[in-house]
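To start, the structure itself, in structure tokens.
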Amino acid sequence: MFWQKLIARIGTTAVTLIGVAVIVFVVIRVVPGNPVAMMLPPGATEADVARLTALYGLDKSIPAQFLIWVQGVLQGDFGTSITTRQPVLDLVLGRLPATLELSIMALVMAVIIGGIAALTGTRLRGTKAEGAIDVANGMALSVPDFLWGLALILLFGVLVPVFHISGRVTPSLDLPFTTGFYLFESLFRLRFDLWADIVSHMLMPALALAIPLAAIIGQLLKQSLKETMHLDYVTLSRTKGYGENHVITREALPNAILPTLTLVGVQFTFLIGGTVIVERLFSYEGLGNMAIDAVINRDLPLIQGIVILFAVIFTAVNLVVDLLYTVLNPRLRHG
Amino acid sequence: MADLTDGRGAVKRRIGTRLWLAGGWLTLLLLAAVFAPLVAPQDPLAQDLFLTRLPPFWEEGAEAGYWLGTDSLGRDVLSRIIYGARLALVVALVAGSITCLIGSALGLMAGFLRGWVDLVISRLIDIWMAFPPVLFSILLIAVIGPGLHSIILAIVIIDWTRFARVVRAEAMAQGAMDYVASAQVAGRGRIGTMLREILPNVLPTIVVLLTLEMGIAVIVEAILSFVNLSISTDDPTWGGMIAEGRASVYQAWWVLVFPLITLFLTVLAFSQLGEGLKDRFDPVLR
């Protein structure tokens with residue numbers, strides 16, 4: 001049952017990824033303006049343009065180009081970037097750690113903030129404080145990450161300049177890293193000075209991404225806590241004499257988490273999608289920032305690679321959450 | 001029992017103020033947009049190199065007639081916000097409505113007709129959900145070129161799934177109810193049942209989604225202007241102002257702050273309007 005489900009899910013995931021690949025491929029090939037002409041100096045002849053067009057395979061029909069591209073991808077070759085002339089895979093994988101670190105940090109912040117909001121709201125239910133938390137939640141929910149990012153730039157970058165609002169790390173610092181995961185590697189190397197600098201750069205963009213998700217977690221978790229609090233076993237533990245804090249965190253919370261989890265999966269992909277504009281806002285050197293540059297420079301192979309990578313991440317997150325849900329939910333595990 | 005009624009009364013009053021505040025701000029914005037030439041104190045495009053980066057009226061060095069200061073080219077911030085409201089509201093209303101129409105129709109068909117229609121639409125939704133929306137919209141604008149029509153088209157192409165997903169689920173839930181079976185026994189056809197029975201019951205959800213989508217459309221336009229892909233750079237747009245403000249935030253904070261506040265209030269107003277309407281439509285929810 002479990003394996004059947006897994007295989008079916010992987011099947012639909014494959015269909016989704018192929019669909020994404022086809023759409024991107026077709027969309028970016030209708031881009032007006034010859035990208036090849038842009039990379040040559042003004043004095044280039046017609047023959048030069050033709051030669052370079054052929055080099056990038058842009059003279060063939062779109063289906064033929066697609067087949068060549070798929071063949072390459074199956075061998076781990078995503079093509080060569082037109083602007084930097086480096087392999088797309090290297091460029092994309094070089095930026096991926098920065099975006100992953102930012103997304104994970106934002107997710108952790110969202111879970112902490114949202115969790116605290118839900119628990120406090122449940123503990124203080126019926127009071128004015130609960131109302132205040134609900135109002136704050138509603139506001140956080142309806143304003144998107146782009147605006148939170150700008151507000152944070154103003155508040156903590158300009159008005160009270162305590163955090164960095166541009167870049168990933170202070171450029172003058174000497175970086176001893178061998179991987180792209182600066183945040184984690186600096187910890188492993190016990191370079192807390194570097195770690196502090198990196199965190200100071202990441203905190204604001206991560207918070208901008210985290211606020212809307214935190215609001216969703218807060219709202220959902222509170223709602224499902226509210227429902228759980230009325231169940232008999234919770235009443236029982238109360239009659240046993242456990243205090244309210246114990247009842248909420250130890251009895252109600254474990255059962256209330258599950259419904260929140262599935263929605264957090266989808267919402268986490270929205271958060272990752274949000275990195276595109278938030279990275280731009282904070283000049284953070286991740287995938288999203290590179291993607292916008294790639295679009296502006298008409299770097300077709302690079303755009304293609306980045307969009308596919310995002311799609312892989314999205315579908316992978318959904319797959320993991322689905323499986324996690326099956327594993328965590330005893331009713332689904334045996335049925 | 002007494003507590004409950006008191007609670008309900010309080011909730012009702014809060015909804016009232018929320019709707020009033022949201023509606024009030026949007027009406028103000030609409031009036032400002034329609035009567036922009038009469039309301040705006042300055043020409044939004046007029047540059048004056050002797051009046052660059054003037055602070056807002058309460059600060060030292062402010063100039064009369066330039067209430068919210070000027071940007072680095074000496075253009076009046078308030079007038080640009082007022083003219084920017086035109087584009088923002090057109091995008092919100094037009095893009096929001098078209099997206100709503102297409103997305104709801106597809107969702108309704110998928111959810112009620114099921115079968116291969118549902119299969120195709122659901123697969124499409126899956127594929128769409130695997131795209132990062134901001135990147136997708138930037139890509140689309142790069143392909144179809146900047147301009148008002150392009151922005152609207154891009155929003156419709158990207159956001160129809162927001163409606164389709166929710167309306168599909170709702171239509172599925174409604175389709176399983178007894179009244180639908182009765183209608184069909186009474187001799188209504190499939191399409192007739194869908195439009196006459198299901199649609200009215202899904203409509204409240206659609207209206208709420210529509211108001212939310214209008215807020216989202218305003219943001220998308222701002223993001224595209226921010227990335228410099230929206231309209232020609234001369235026309236005042238909130239996103240374009242924000243991009244300029246972000247660049248000169250240390251020299252002239254007001255160029256960023258005022259369009260940002262306007263955008264904040266507008267997005268909040270649209271979503272509060274939706275929330276308020278939802279509560280109005282759905283007494284069970286409370």
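In what follows, chains are A, B, ... by sequence order, proteins preceding strands, each numbered from 1.
When side chains are defined from C-beta on, B:Leu135 does not count as touching A:Ile277, because their heavy atoms never get closer than 4.5 Å. Side-chain contact between A:Ile165 and B:Arg246 is present, with heavy atoms from C-beta onward closer than 4.5 Å. With contacts defined as side-chain heavy-atom distances shorter than 4.5 Å, the pair B:Met129/A:Val266 qualifies. A:Ile272 has its side chain out of reach of B:Pro132: every pair of non-hydrogen atoms, C-beta onward, lies at least 4.5 Å apart. The closest side-chain heavy-atom distance from B:Phe136 to A:Phe310 is not below 4.5 Å. The shortest distance between side-chain heavy atoms of B:Arg123 and A:Thr12 falls below 4.5 Å.
Looking at B:Leu260, the atoms closer than 4.5 Å to chain A (heavy atoms on both sides) all sit in the side chain, from C-beta outward. For a residue to count as touching a neighbouring chain, one of its non-hydrogen atoms must lie under 4.5 Å from one of that chain's; by this rule A:Ile308 does not touch chain B. Residue A:Leu147 touches chain B through both its backbone and its side chain, counting heavy-atom pairs closer than 4.5 Å. Proximity to chain B (any heavy atom under 4.5 Å) is shown, for A:Leu159, by neither the backbone nor the side chain. Heavy atoms closer than 4.5 Å to chain B are found nowhere in A:Ala294, neither backbone nor side chain. Of the atoms belonging to B:Ile242, it is side-chain heavy atoms, and not backbone ones, that fall under 4.5 Å from chain A. Heavy-atom distances place the side chain of A:Ile153, and not its backbone, under 4.5 Å from chain B.
Among B:Asp126, B:Ile216, B:Leu268, B:Leu124, the residue with the largest count of heavy-atom pairs under 4.5 Å with chain A is B:Leu268. When B:Phe131, B:Trp128, B:Trp253 are compared by the number of non-hydrogen pairs under 4.5 Å with chain A, B:Phe131 comes out ahead.
Of all heavy-atom pairs spanning B:Ala142 and A:Val295, the tightest one is CB-CG1, 3.4 Å. For the residue pair B:Tyr250 and A:Gly157, the shortest heavy atom distance occurs at OH-O, 3.6 Å. Considering all non-hydrogen atoms of both residues, B:Val267 and A:Val143 come closest at CG1-CA, 4.4 Å.
To the nearest 0.5 Å, atom CD1 of residue A:Ile23 and atom CG of residue B:Leu139 are 11.5 Å apart. Atom CZ of B:Phe226 is separated from atom CG of A:Leu150 by 6.0 Å, given to the nearest 0.5 angstrom.
Within a 6.0 Å sphere centred on CH2 of B:Trp116, heavy atoms belonging to other residues, nucleotides or ligands number 12 at most.
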